[in-house]
Amino acid sequence: MAVYAIYGGFCALVFFLLLRSVIGDLYGKRRASGSQQTPGACLEDIDRLYGQLSARAMQPAPGGLDQGGLAREWDQWSRRWEDDVATVSARCQLDASAGAAQKQLAEALDGIEELRRHLARSGENAAEEARRVRESLSAARELLKVK
């Protein structure tokens, strides 16, 4: 009986850890609220985020001409990027800026987020313009009776 009890306890522990892992992956993990990073490390993190956004800006606009895969890929990237921004903001405690350097870092991070929003809007505008062009072309095809 003791062996069965130990085995049952072990199985229950493994089941609990597995369940906790799955729930953590599905519903997200808590942001690391560890110690505050140094301003230099925060600067490197924000510079890294800016580099990622700059590289992303060189790619086709989100929701642009190919509305299927590109829009989904942009959405996935945007979610990961927003999580990174929130993590950096929490680690660097930019919401409660105390020093002049932290205020500048907070302004830089806000500017980077505004740039991302601008990229998303420009992609939506490009998608709308592409839709109008496609509609005009299809109307012209119908009028010319060309396939």
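Through direct or relayed side-chain contacts under 4.5 Å between Ile, Leu, Val, Met, Phe, Trp and Tyr, Met1 connects to no other residue. Listed by chain and number, the hydrophobic cluster partners of Tyr7 come to none, as no ILVMFWY side chain reaches under 4.5 Å of it. Other members of the cluster containing Val3 do not exist, because no ILVMFWY side chain is joined to it at under 4.5 Å. Hydrophobic side-chain contacts under 4.5 Å tie Leu143 to no other Ile, Leu, Val, Met, Phe, Trp or Tyr residue.
We find the CD1-CG distance between Ile112 and Leu53 to be 7.0 Å, quoted to the nearest 0.5 Å. Atom CZ of Arg116 and atom CG of Leu49 lie 11.5 Å apart (nearest 0.5 Å).
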### Message
Please determine whether side chain to side chain contact (heavy atoms under 4.5 Å, CB included) holds for the pair Val85 and Trp81, giving the CA-CA distance in whole Å, both sets of side-chain angles, and the decisive distance to 0.1 Å.
### Response
CA-CA 6 Å; Val85 168; Trp81 194 82; 3.6 Å; yes
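Under the side chain to side chain contact (heavy atoms under 4.5 Å, CB included) criterion, Arg48 pairs with Asp45, Gln52, Asp84, Val88, sequence neighbours left out. With sequence neighbours left out, Ser54 forms a side chain to side chain contact (heavy atoms under 4.5 Å, CB included) with Tyr50. Residues satisfying the side chain to side chain contact (heavy atoms under 4.5 Å, CB included) criterion with Leu19, sequence neighbours excluded, are Phe15, Ile23. Under the side chain to side chain contact (heavy atoms under 4.5 Å, CB included) criterion, Arg20 pairs with Phe16, Leu17, sequence neighbours left out.
Annotation: salt bridge (Lys or Arg N to Asp or Glu O under 4.0 Å) contacts involving residues 104-115, sequence neighbours excluded, comprise Glu114-Arg117, Glu114-Arg121.
Without hydrogens or angle criteria, Gln102 side chain to Cys92 main chain gives a donor-acceptor distance under 3.5 Å.
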